[in-house]
Colleague: 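Below you will find the structure I want to go over with you.
Reminder, nothing fancy here: chain letters follow the sequence lines and each chain counts from 1.
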Amino acid sequence: MASVITPRDKDFSQWYVDVVKHGGLAEHSAVKGCMVIKPHGYAIWEAIRDYLDRRFKETGHVNAYFPLFIPQSFLAKEAEHVEGFAKECAVVTHYRLKLDADGQLVVDPAAKLEEPLIVRPTSETIIWNTYRNWIHSYRDLPLLINQWANVVRWEMRTRLFLRTAEFLWQEGHTAHASEAEAREEALRMLDIYRELAREVLAVPVLSGRKSDQEKFAGAVDTYTIEGLMQDGKALQMGTSHFLGQNFARAFDVKFLNAEGRQEYVWATSWGVSTRLVGALIMTHGDDRGLVLPPRIAPLQVVVVPIYRKDAQLQQVREAMAPFMEAWRARGVSVRFDDDDNHSPGWKFHEYELKGVPVRVVVGPRDLANRTAEVARRDTGEKELVSWDALGDRVPALLDDIQQSLLRRAEAERDRRTYEVDTWNEFVRRIEDGGFVIAPWDGTAETELAIKEKTKATIRLIPDEQPDDPGRCILTGQPARYRVVFARAY
RNA sequence: CGGGGCGUAGCGCAGCCCGGUCAGCGCACCUGCUUUGGGAGCAGGGGGUCGCAGGUUCGAAUCCUGCCGCCCCGACCA
């Protein structure tokens, strides 16, 4: 039977949609631009959440929750912030419905709110309005708070996980007594994001600072991690912002320092979203479906029994039970799939679509030979393993898959990362897809002109810069930096 | 907001040009039997206001008008 997945080289966008749908990750909902996250997709998000929540707490942060609704006037208080978000806000204007003369349900005009409420696109304003009451002295600082929440940005065009009107994320909002401490915090959290991407998701990223054009609305500096997807487009996977005193000024949040002087508080905010699930798909997926790194896979090992009679099923179950118990004791998640409604072949395809890293197949032949067929999802390779070795082989294979996915993704990223110094080469490389490192004169005009001509944006400005960055690829002026360009999601 | 496509059973579609056993197919679902090492087979069965509202007609899924919704591609964005 033909695959239900469109091949990547035929239509990458369709391939992506097929993997999301047939992998049981998410589906379109009755609400335009909003998705239903299905159990398998949500389980991946939960694994991301669990890892980050642990890391946040290890670094001194606590969770809290702030309202979904933000008074319209709050958004207006920080000029750049409102400019950045005003165009994509859902607005609540009424609080009641009623039946009209025809029995139709309509908004009750008498129930108009005094002040419209914005469904949060991000929570800086409501949080800093709250922090004003929480922070009085340097002894109240630092304030290290994270929130797990949903936010709404009314995007014109949406894509499952990558850009939905409503999405799940975490947003950290911290307050500090000094600029240095706040900057340090912003970079610390970026490091945690980079570790999540590399060590857990097996997605290698580049990190650095955003240009003024690309930074968060209201930030002094935005730091980012960027991944490179299989189609050569970049994906922003997480951002951490040094907000300076912008929000403290807008919401009048001051503290008394040790010298007894009033000072505005220094701030950061940082977040990652369900978009990371999209990054996983587009980094590791293949034409058979999703490929999950073991460290993020909700199910790491599936055991599929082959049997004719119930007695055989029972024999397989009993033979595998000690292995499953031993694997679980080592922290491996494993399922014995004895569902009789589907044939083994059907199950093989299903678990490949869902990205389960390791499949163990045991049938009558194996019972006779004391063996199992072990298949790895990343390469598709199968090996016959004797029961003597099976207990150690499966956990070892999971480690190997985790490492090998990262190496493969790194090799792919390196292969598609170019250093260029001429306009013609720049255009050619951007056209092919990939990270293109090139000298830039540092002006917004040049950045916009390059975007206009090539659809490429500055993904980030690397921390480490050469003594002489060369001459700007567009203007030929002495360059200020060598920066990473790419077409991006 | 521009460009393209699509609304017929839970999903995927055919039928529409040329109005009249066109309410159909595949998958899924239910029952039974046989199967199970790469999406099993046979037999029987249940399920649809044909997106919505008007109109033309003896008769509309099919023709006309208006509306609504969704998806994909672009501009904007985590």
Colleague: What nucleotide, of B:U35, B:G38, B:A78, holds the atom closest to the side chain of A:Asp340?
Modeller: B:U35
Colleague: Run the salt-bridge test on A:Arg376 and A:Glu383 with the 4.0 Å N-O cut-off and return the result as yes or no.
Modeller: no
Colleague: On the side chain of A:Arg163, is there an atom forming a donor-acceptor pair with the base of B:C77 - under 3.5 Å, no angle test?
Modeller: yes
Colleague: C1' atom, B:G19 versus B:G15: distance in rounded Å?
Modeller: 13 Å
Colleague: Counting any heavy atom closer than 4.0 Å, what does A:Pro364 reach on the DNA or RNA strands: base, sugar-phosphate only, or nothing?
Modeller: base
Colleague: Rounded to the Å, how far apart are A:Glu83 CD and B:C76 P?
Modeller: 15 Å
Colleague: When you compare B:C50 with B:U31, how far apart are their C1' atoms, in angstrom units rounded to a whole number?
Modeller: 30 Å
Colleague: According to the interplanar angle, ranging from 0 to 90°, do the rings of A:His342 and A:Trp346 count as parallel (below 30°), tilted (30 to 60°) or perpendicular (above 60°)?
Modeller: parallel
Colleague: What's the closest nucleotide to the side chain of A:Lys382 if the choices are B:G38, B:A40, B:G37?
Modeller: B:G38
Colleague: What distance separates A:Arg209 CZ from A:Glu214 CD, expressed to the nearest 0.5 Å?
Modeller: 13.0 Å
Colleague: Mind checking A:Gly363 for me? I need base, sugar-phosphate or nothing, with any heavy atom below 4.0 Å counting as a touch.
Modeller: base
Colleague: Where the side chain of A:Lys455 is concerned, which of B:A75, B:G38, B:U36 is the nearest nucleotide?
Modeller: B:A75
Colleague: Roughly how many Å is it from CD in A:Gln14 to P in B:C6, rounded to a whole number?
Modeller: 15 Å
Colleague: Of all the choices, B:A78, B:G37, B:G39, which nucleotide is nearest to the side chain of A:Trp346 once you look at every atom?
Modeller: B:G39
Colleague: Now, which nucleotide makes the Watson-Crick or G-U wobble pair with B:G44, with each of the two distances under 3.5 Å?
Modeller: B:C30
Colleague: From B:C77, B:G74, B:G37, pick the nucleotide closest to the side chain of A:Arg275?
Modeller: B:C77
Colleague: Distance between the C1' atoms of B:A9 and B:U56, in whole angstroms?
Modeller: 30 Å
Colleague: Using the P atom as the reference point in each nucleotide, state the distance between B:G66 and B:A28 in Å, no decimals.
Modeller: 42 Å
Colleague: Give me the distance, rounded to whole Å, that separates B:U62 from B:C16 when you measure between the P atoms they each carry.
Modeller: 13 Å
Colleague: Please measure how far the P atom in B:C52 lies from the corresponding atom in B:G38, and state the result in whole Å.
Modeller: 45 Å
Colleague: Tell me: NE2 of A:His342 to P of B:G37, nearest whole Å?
Modeller: 14 Å
Colleague: B:A75, B:G37, B:C71: which one has an atom nearest the side-chain heavy atoms of A:His28?
Modeller: B:C71
Colleague: Map A:Ala375 and A:Lys451 onto RNA chain B by nearest heavy atom, then report which one ends up closer to the 5' terminus.
Modeller: A:Ala375
Colleague: Could you measure between the two P atoms, the one in B:A40 and the one in B:C27, and give it in whole Å?
Modeller: 12 Å
Colleague: Are the charged groups of A:Asp287 and A:Arg8 less than 4.0 angstrom apart, N to O?
Modeller: yes
Colleague: Give none if B:G59 has no partner; otherwise give the nucleotide forming a Watson-Crick or G-U wobble pair with it, both distances under 3.5 Å.
Modeller: none
Colleague: Is B:C18 paired to anything, Watson-Crick or G-U wobble with both distances less than 3.5 Å, and if yes, which nucleotide?
Modeller: none
Colleague: Hey, what's the ring geometry for A:Trp15 with A:Phe12, parallel, tilted or perpendicular (30° and 60° as the breaks)?
Modeller: tilted
Colleague: At 4.0 Å (heavy atoms only), tell me whether A:Arg159 reaches a base, stays on the sugar-phosphate, or touches nothing.
Modeller: sugar-phosphate
Colleague: Tell which nucleotide pairs with B:C50, taking only Watson-Crick or G-U wobble pairs whose two distances are both under 3.5 angstrom.
Modeller: none
Colleague: Are A:Phe161 and A:Trp45, when compared by the centres of their aromatic rings, separated by less than 6.0 Å?
Modeller: no
Colleague: Check whether the side chains of A:Tyr223 and A:Arg183 place a donor and an acceptor atom closer than 3.5 Å, and report yes or no.
Modeller: yes
Colleague: Expressed as a whole number of angstroms, how long is the span from A:Met237:CE to B:C77:P?
Modeller: 21 Å
Colleague: Mind checking if A:Thr164 touches a base, just sugar-phosphate, or nothing, with heavy atoms under 4.0 Å?
Modeller: base
Colleague: Within less than 4.0 Å of OP1 or OP2 of B:U36, is there a side-chain N or O belonging to A:Arg308?
Modeller: yes
Colleague: Using a heavy-atom cut-off of 4.0 Å across all strands, would you classify A:Leu162 as base, sugar-phosphate, or nothing?
Modeller: base
Colleague: How long is the straight-line distance from NE2 of A:His173 back to OG of A:Ser269, given to the nearest 0.5 Å?
Modeller: 5.5 Å
Colleague: Who is the Watson-Crick or G-U wobble partner of B:A9, with both distances under 3.5 Å?
Modeller: none
Colleague: Starting at atom OH of A:Tyr16, determine the distance to atom P of B:C73, rounded to an integer number of angstrom.
Modeller: 11 Å
Colleague: Specify the separation, in whole Å, of atom OH of A:Tyr489 and atom C1' of B:C73.
Modeller: 12 Å
Colleague: Base, sugar-phosphate, or nothing for A:Ser273, non-hydrogen atoms under 4.0 angstrom?
Modeller: base
Colleague: Would you call A:Glu226-A:Lys210 a salt bridge at under 4.0 Å N-O?
Modeller: yes
Colleague: For A:Ser13 and B:C73, is the shortest distance between a side-chain N/O and OP1 or OP2 below 4.0 Å?
Modeller: yes
Colleague: State whether A:Arg157 places a side-chain N or O below 4.0 Å from either non-bridging phosphate oxygen (OP1 or OP2) of B:G74.
Modeller: yes
Colleague: A:His349 has an atom NE2; how far is it from atom P of B:A28, in whole Å?
Modeller: 14 Å
Colleague: May I ask which nucleotide in the shown strands pairs with B:G74, Watson-Crick or G-U wobble, both distances under 3.5 Å?
Modeller: B:C1
Colleague: Taking only the C1' atom of each, what is the distance from B:G47 to B:C63 in whole angstrom?
Modeller: 30 Å
Colleague: What's the closest nucleotide to the A:Lys87 side chain, out of B:G38, B:C76, B:C77?
Modeller: B:C76
Colleague: In residues 203-217 of chain A, which residues come under 4.0 Å of RNA chain B by heavy atom?
Modeller: none
Colleague: Under 4.0 angstrom, heavy atoms only, what part of the nucleic acid is A:Gln236 near: base, sugar-phosphate, or nothing?
Modeller: sugar-phosphate
Colleague: Could you tell me if A:Thr268 and A:Glu185 have a donor-acceptor pair between their side chains, going purely by distance under 3.5 Å?
Modeller: no
Colleague: Let me know the distance between CG of A:Asn150 and P of B:A78, rounded to the nearest Å.
Modeller: 18 Å
Colleague: When you compare the side chains of A:Arg49 and A:Gln170, does any donor N or O come within less than 3.5 Å of an acceptor on the partner?
Modeller: no
Colleague: What's the closest nucleotide to the side chain of A:Ile306 if the choices are B:G38, B:G37, B:C76?
Modeller: B:G37
